[in-house]
Each structure stands twice: as structure tokens, then as C-alpha cells.
Amino acid sequence: MALPKHRIGKTRKAKRRTHQKATMPNVVECPQCKGPMLSHQACKGCGYYSGRTAIAIKTA
Ligand SMILES: [Zn+2]
């Protein structure tokens with residue numbers, strides 16, 4: 001198997017990895033229950049999406 005001829009230094013490795021970063025999810029306020037929900041997805045708290053209840057939420 002081919003091996004790299006030279007070791008990649010920590011600065012070069014760190015410079016390459018400056019583009020690798022986690023992005024925050026787009027959290028918006030639910031118009032129904034006012035809780036946090038992900039944009040363009042049904043609310044995890046109440047199941048509300050686009051003016052109606054899209055998914056049923058189990059309540060224990
Ligand atoms: Zn909600």
C-alpha cells in the first residue's frame with residue numbers, strides 16, 4: 001500500500017482542518033407551543049407544522 005513520503009506537520013494539518021466545523025441547527029420558535037423547534041420540520045413538542053398537527057406526539 002502506498003505510504004506518504006513525508007509527515008504532515010501539525011500546523012499544516014490544523015490549517016487544512018480550519019474548514020471542518022460543526023454548524024448550529026436552525027432553531028426557531030414554534031407558533032403553536034412557543035417552544036424551540038427545527039425550521040422546516042414538524043415540532044417535536046406538539047407535532048404542529050404548516051398550520052395543522054402533522055404528527056401525533058405520544059404523551060406518557
Ligand atoms: Zn410546538
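Atoms within each ligand, like the ligands themselves, are counted from 1 in listed order. The figures that follow rest on heavy atoms only: side chains count, while hydrogens, waters and symmetry mates do not.
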**Request:** Provide the tally of protein N/O/S atoms nearer than 2.8 Å to the Zn ion (ligand 1).
**Result:**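 N, O or S atoms of the protein closer than 2.8 Å: 4.
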Looking only at non-hydrogen atoms, find the nearest pair between [X] and [Y] and report the distance.
X   : Y   : result
Q41 : Y49 : O-CD1, 3.4 Å
E29 : M37 : C-CG, 4.3 Å
G47 : A42 : O-CB, 4.3 Å

**Asked** Who else is in L38's hydrophobic cluster (ILVMFWY, side-chain heavy atoms under 4.5 Å, direct or via others)?
**Response** V27
**Message:** With a 4.5 Å cut-off on side-chain heavy atoms, are I55 and I57 touching?
**Reply:** yes
**Message:** Around atom CZ of R16, are there more than 12 heavy atoms from other residues, nucleotides or ligands closer than 6.0 Å?
**Reply:**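 Buried by this count: over 12 neighbours within 6.0 Å.
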